[in-house]
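As structure tokens, the structure follows; a few thoughts come after it.
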Number of protein chains: 2
Amino acid sequence: MSGKLLNSEPLYVQLRVALSRRIASGDWKPGETIPNELDLAKEYGLSAGTVRKALDWMEEAKLISRQQGRGTFVTDPASKEATRRFNRLREASGAILRVEAHMIAISTSPASKTEAARLDMEPQQHVTRMSKLASAQGRPIMFEQIAVPTDLFPMLAANEGAQSPCYDLLEFAQRSGVLIGRGDERISIGAAEGEVASHLGVTPGTPLIVLDRTIRTIENRPAEWRMAWCNLGPHHYLAELS
Amino acid sequence: MSGKLLNSEPLYVQLRVALSRRIASGDWKPGETIPNELDLAKEYGLSAGTVRKALDWMEEAKLISRQQGRGTFVTDPASKEATRRFNRLREASGAILRVEAHMIAISTSPASKTEAARLDMEPQQHVTRMSKLASAQGRPIMFEQIAVPTDLFPMLAANEGAQSPCYDLLEFAQRSGVLIGRGDERISIGAAEGEVASHLGVTPGTPLIVLDRTIRTIENRPAEWRMAWCNLGPHHYLAELS
DNA sequence: AAGTGGTCTAGACCACGCA
DNA sequence: GCGTGGTCTAGACCACTTG
């Protein structure tokens, strides 16, 4: 009984923002149902159709999933589906490539010029950096360098010393009340050098696929910048076109 | 005054199929407007809301574009936007990489095993094959081998001998009444060899990005299979994640 | 049988483009 | 000022899941 929808945006936009915040804040927990469409309509003083349109968008943004006859559920970032959301690596058969990742290093300090540019931050603001190595069937596949704005994920910096489990964007985003939206990835070829070559166990000069990825929040703020060097072997990267 | 919508699919699905056919058949030409929402509703005996939902999908599928106050337009496959739809190559700056392509060869014969598998055809059916070379700023960038089901694009095979302008999927699809939907692209690394190396002007063994792409019709039938070998230089491939 | 999301209707009014 | 698409409403009925 408390929805305030006042400004000039369409009501369904205001509503989806309001509902998204309630998910981000933990008001509705992952895996739980949210109130049904009629109850939401009553609560916010809207018609069912308007609520429906807001939920359509949230479903498209993967914040919720709806099942006829059962209800509307908050997407669980720890679920298998969600984990695969940004994993575009595939086996030759087309099957999703399951990788095991482990953390190599983590640190926090002011953003470099490049990091500030990629993460749309002021240079004096802090970023938390991580290195990870991902393996498939015991073979190192991908070396990753990740940078995130520290203010978005305070838990990460706080955990720095601890026996942190491997960083996963979607998991930390959920725990920090950050809602993840879309991203893009620049793909090119590079040669293995130094640290990258040694972690991947290849001779310097070996050609690698280089991934340069930025993922944004649903408000379109950059939430993660990652550079990854991949020695895919028989595997490949799958891009979808529409 | 003639819409027949009878079967058990939702009306908005039947309607979008019906309207899509009218576009494919040339009933409404690219760049032209289609009747307004109220007129379509009357013609098919539906409510405006149902028509709207069908048009939403068609807009999402890039068959039409809507402009408030002006009308609803059939997407022109020859337009700049459409041409860029499946072009994921970008300059270092992020700008779309404009390439000039020219045809190297074209022929038609029964599908190979691989082609039949990729294009979901029977092996005895015919495919039309083309080779293209794409250049940017005069430098060869990408060598392409394309295969399409001949029955989908009869004009292509008919034009074989002629001074054919460079093949463009979207253009031929329009002329053949085929509506293009989505696609996917497998990305990996390969080494330049033989014909590929010579066309690209690189020494054999040079690492290249290999693109293996299938594009489907809106009915999800494969319409084009392409293998492309890219010597991108400072450029890159841009994938979008959602 | 009760409760959920999914479809469909018939209207009203608003925002925009154009003559 | 008129015609277009965009938003919003209030209600009906259907399809599916669960107890």
Side-chain angles (χ1 to χ4, degrees), chain A residues 1 3-20 22-23 28-29 31-76 81, chain B residues 3-20 22-23 28-76 81:
Chain A
M1 285 294 180
K4 318 176 204 172
L5 304 179
L6 296 172
N7 68 42
S8 64
E9 292 257 50
L11 295 176
Y12 67 85
V13 172
Q14 297 179 52
L15 180 60
R16 78 192 189 198
V17 169
L19 298 181
S20 298
R22 289 179 73 170
I23 291 177
W28 297 316
K29 300 254 181 313
E32 290 179 2
T33 66
I34 69 174
N36 71 45
E37 299 181 347
L38 219 58
D39 286 348
L40 285 173
K42 279 185 225 155
E43 180 178 357
Y44 286 91
L46 300 171
S47 75
T50 302
V51 171
R52 194 162 180 74
K53 190 155 184 178
L55 294 180
D56 281 345
W57 184 91
M58 291 172 69
E59 185 172 36
E60 219 271 329
K62 304 196 163 117
L63 296 176
I64 57 173
S65 68
R66 294 189 282 191
Q67 289 175 249
Q68 185 173 117
R70 302 226 306 134
T72 300
F73 301 82
V74 178
T75 299
D76 183 355
E81 289 179 1
Chain B
K4 317 175 203 170
L5 304 179
L6 295 173
N7 68 43
S8 65
E9 291 257 51
L11 295 176
Y12 67 85
V13 173
Q14 299 178 53
L15 180 61
R16 80 191 188 198
V17 170
L19 297 181
S20 298
R22 289 179 73 169
I23 291 177
W28 296 318
K29 300 256 182 311
E32 289 178 3
T33 65
I34 69 175
N36 71 45
E37 299 181 349
L38 219 57
D39 286 349
L40 285 173
K42 280 185 225 155
E43 181 178 357
Y44 287 92
L46 300 172
S47 76
T50 302
V51 170
R52 193 163 182 75
K53 191 156 182 177
L55 294 180
D56 281 345
W57 184 90
M58 291 172 68
E59 185 172 36
E60 219 270 329
K62 304 194 166 131
L63 296 176
I64 58 173
S65 69
R66 293 189 283 190
Q67 289 175 250
Q68 184 172 120
R70 302 225 307 133
T72 300
F73 301 82
V74 178
T75 300
D76 183 354
E81 287 178 4

According to a strict under-4.0 Å criterion, is A/Arg66 in side-chain N/O contact with OP1 or OP2 of C/dT4?
no
With no hydrogens and no angle check, is any side-chain donor or acceptor of A/Gln14 less than 3.5 Å from a backbone partner on A/Glu9?
yes
Taking only side-chain nitrogens and oxygens of B/Lys53, does any of them come within less than 4.0 Å of OP1 or OP2 of C/dC8?
no
For the backbone of B/Leu46 and the side chain of B/Thr50, can you confirm whether one donor and one acceptor N or O come within less than 3.5 Å of each other?
no
Output yes when B/Glu60 and B/Lys53 qualify as a salt bridge under the 4.0 Å nitrogen-oxygen rule, no when they do not.
no
For atom CD of B/Glu37 and atom C1' of C/dA10, their distance in whole Å
15 Å
For a quick test of reading the model: is some side-chain N or O of A/Thr72 closer than 4.0 Å to OP1 or OP2 of C/dT4?
no
Given atom CG of B/Asp39 and atom P of D/dT4, what is their separation to the nearest angstrom?
7 Å
Examine D/dT7: is either OP1 or OP2 under 4.0 Å from a nitrogen or oxygen in the side chain of A/Tyr12? Give yes or no.
yes
For the side chain of B/Leu46, starting at C-beta, report the closest nucleotide among C/dT9, D/dA10, C/dA15.
C/dT9
Could you give the CG-to-P distance, from A/Leu11 to C/dC14, as a whole number of Å?
13 Å
Measure from CH2 on A/Trp57 to P on D/dC8 and round the result to the nearest Å.
15 Å
Measure the distance from CG on A/Asp56 to C1' on D/dC8 and round it to the nearest whole Å.
15 Å
Could you say whether A/Val13 or B/Arg70 is positioned toward the 5' end of DNA chain D, judged by the nucleotide with the nearest heavy atom to each?
B/Arg70
Would you kindly compare A/Gly69 and A/Glu59 by the position of their nearest DNA chain C nucleotide and give the one closer to the 5′ end?
A/Gly69
For the side chain of A/Gln68, starting at C-beta, report the closest nucleotide among D/dA10, C/dG6, C/dC8.
C/dG6
Whole angstroms only, please: what is the CD-C1' distance between A/Glu32 and C/dT4?
17 Å
Ignoring the backbone of B/Thr50, work out which of C/dC16, C/dC8, C/dT7 is nearest its side chain.
C/dC8
The side chain to side chain contact (heavy atoms under 4.5 Å, CB included) partner of A/Asn36 among A/Leu38, A/Leu40, A/Thr33 is A/Leu38
Just how far, in rounded Å, is C1' of D/dT9 from OH of A/Tyr44?
19 Å
Salt-bridge criterion met for B/Arg66 and B/Asp56 (N-O under 4.0 Å)
yes
Between D/dC8, C/dT4, C/dG6, which one does the side chain of A/Asn36 approach most closely?
C/dT4
Within the pair B/Arg52 and D/dG5, is there a side-chain N or O less than 4.0 Å away from OP1 or OP2?
no
Quickly work out the B/Glu9 CD to C/dT7 C1' distance and round it to whole Å.
13 Å
